[in-house]
2 protein chains.
Amino acid sequence: MSPHEPPDGLDTEDLALALEKFTGIFIRLASVEKMSFTTLGVLHTLAGRGPLRLSELKASEQVTQPAITQLVTRLERDGLVRRRPDPTDGRAVLVHLTPAGAQVVDKRRRDRVDRLTALTRRLSTPQRQAVAAALPALLEMAELGAQVLDEPPASSPPR
Amino acid sequence: MSPHEPPDGLDTEDLALALEKFTGIFIRLASVEKMSFTTLGVLHTLAGRGPLRLSELKASEQVTQPAITQLVTRLERDGLVRRRPDPTDGRAVLVHLTPAGAQVVDKRRRDRVDRLTALTRRLSTPQRQAVAAALPALLEMAELGAQVLDEPPASSPPR
DNA sequence: CAACTTAAATAAGTTACTGATATATTTGGA
DNA sequence: TCCAAATATATCAGTAACTTATTTAAGTTG
């Protein structure tokens, strides 16, 4: 009946439903401090991957190139990032996180950890163990997913 | 050392890190069709919880009341929702999803399920089982989290 | 070294937000 | 009963954050 169930008990429809609910809550767990999702995404990406070109940020945030230029301009105005020339390519610019920018990311992360801690305290021990056991698989899926998102969005990929 | 590790193996810092990566990918898995996160959030909320007042939508989306009024106006213009008077309160309006609106939500959900299926196929059987075993706990956390988000954002809530 | 490509910036217009305020309805006493 | 306060939504004016189209500058190639 369902084409989404491999033979080992993970129904992808259930998974999608659970993850929809969960991510909807999770992304609201951290204090948002008047910043858009895209802005926070850029700061977070820079914190995780180090200085990047505008074109690399564009790819990771799924907006147009002028939008990134303007967003970085605003972030620079607010002292959260700095533009520096790319020594290996005179056309390019490397966007660096400033200490203030790193602090924003850290604060959000601490908030999230605090709230997650509060949530997990209310789970049963087996539930906590189940979540801990699933973490490597979730990380693996995130990595696989990142690769997929770089590929073209074909509607019906011919197999 | 870490205040975030209960005695049964779930380090919340690890959890937060994994979930950050995972949700960052997950929310981009579905086709976005030129709609903002907020817009999609409203459609999804209506699909999940039935007709709601503007003020209820406002609470679930964390934007100002005029933003919701305008967003619903745009959605109504595009035929995705309809406003109808609340029979129990002459001031209020109930926002209903139209069939076209429900279709948008369904398509996104199908997209997501398809992509998740592709991802989970590349996991090992134990990994899939681990994810399946964690689903109830994730749902529980989402539910607990939803309650927390409704509460006032007090820094030190008195018990 | 001209033609092409790539990286980022600029320009002009649109959309989606915000705070402040207005309108209509309900609620709760005097 | 009736009026003041509270509640639910709408409107208005201004700003922020995007879009497409175009421009500028620096690399790459035959």
Side-chain angles (χ1 to χ4, degrees), chain A residues 27-28 31-46 49-96 101 104 150 153, chain B residues 27-28 31-46 49-96 101 104 150 152:
Chain A
I27 60 178
R28 290 178 174 77
S31 59
V32 170
E33 304 269 346
K34 301 277 180 191
M35 289 182 192
S36 76
F37 281 116
T38 312
T39 306
L40 293 166
V42 164
L43 291 179
H44 184 266
T45 300
L46 290 175
R49 298 176 38 198
L52 293 178
R53 296 180 174 196
L54 291 185
S55 48
E56 292 171 308
L57 285 174
K58 175 198 142 190
S60 79
E61 301 304 327
Q62 310 222 331
V63 291
T64 58
Q65 175 262 314
I68 288 290
T69 293
Q70 293 163 20
L71 174 52
V72 167
T73 300
R74 287 193 299 270
L75 287 173
E76 199 168 28
R77 179 200 64 196
D78 296 343
L80 303 180
V81 305
R82 254 172 73 192
R83 261 181 253 246
R84 317 196 82 214
D86 183 337
T88 75
D89 187 336
R91 298 163 300 179
V93 162
L94 286 179
V95 184
H96 293 248
V104 168
D150 281 344
Chain B
I27 61 178
R28 289 177 175 79
S31 58
V32 170
E33 304 268 348
K34 301 276 178 192
M35 290 181 190
S36 76
F37 281 116
T38 312
T39 306
L40 292 165
V42 165
L43 292 178
H44 184 266
T45 300
L46 290 175
R49 298 175 38 198
L52 293 178
R53 296 179 174 197
L54 291 185
S55 47
E56 292 170 308
L57 284 175
K58 175 198 142 190
S60 79
E61 301 304 328
Q62 312 223 326
V63 289
T64 59
Q65 175 264 316
I68 287 291
T69 293
Q70 293 162 19
L71 175 51
V72 167
T73 301
R74 287 193 299 271
L75 286 173
E76 198 168 28
R77 178 200 63 194
D78 295 345
L80 302 180
V81 305
R82 254 171 73 192
R83 260 183 253 245
R84 318 196 80 212
D86 183 338
T88 75
D89 187 335
R91 298 163 298 178
V93 161
L94 287 178
V95 184
H96 293 249
V104 168
D150 280 345

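Reminder, nothing fancy here: chain letters follow the sequence lines and each chain counts from 1.
Smallest separation of non-hydrogen atoms from A:Val72 and A:Leu57: CG2-CD1, 4.2 Å. Annotation for A:Thr73 and A:Thr69: closest pair OG1-O, 2.7 Å, computed over non-hydrogen atoms.
Note: CG (B:Asp78) to P (C:dT15) measures 11 Å, nearest angstrom. With rounding to whole Å, B:Lys58 atom NZ is found 11 Å from C:dT18 atom P. Atom pair B:Met35:CE and C:dT15:P shows a separation of 14 Å (rounding to whole Å applied). Protein atom CD of B:Gln62 is 11 Å distant from nucleotide atom P of C:dT18, rounded to whole Å. For B:Leu52 and D:dA8, the CG to P distance is 14 Å, given to the nearest whole Å. Rounded to whole angstrom, the span from the CZ atom of A:Phe37 across to the P atom of C:dA16 amounts to 16 Å. Taking atom CD of B:Gln70 as the reference point, atom C1' of C:dA20 lies 13 Å away to the nearest angstrom.
A heavy-atom distance below 4.5 Å is found between the side chains of A:Thr45 and A:Arg49. Inter-residue side-chain proximity for B:Leu71 and B:Glu61 is flagged as unmet; no heavy-atom pair is nearer than 4.5 Å. The shortest side-chain heavy-atom distance between A:Pro51 and A:Arg84 does not fall under the 4.5 Å cut-off.
For D:dT19, one of the phosphate oxygens OP1 or OP2 lies less than 4.0 angstrom from a side-chain nitrogen or oxygen of A:Thr64. Residue B:Arg74 places at least one side-chain N or O closer than 4.0 Å to OP1 or OP2 of C:dA16.
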message = One character per nucleotide, please: for nucleotides 4-9 of chain C, 5' to 3', B when the base has a protein heavy atom closer than 4.0 Å, S when only the sugar-phosphate does, - otherwise.
response = --BSBB
Compile the donor-acceptor pairs under 3.5 Å between side chains in residues 75-82 of chain A and protein atoms, sequence neighbours left out, one pair per line.
{"unit_1": "A:Glu76", "atom_1": "OE1", "unit_2": "A:Arg83", "atom_2": "NE", "d": "3.1"}
{"unit_1": "A:Glu76", "atom_1": "OE2", "unit_2": "A:Arg83", "atom_2": "N", "d": "3.0"}

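Using a 4.0 Å heavy-atom cutoff across all strands shown, A:Thr38 reaches sugar-phosphate atoms only and no base atom.
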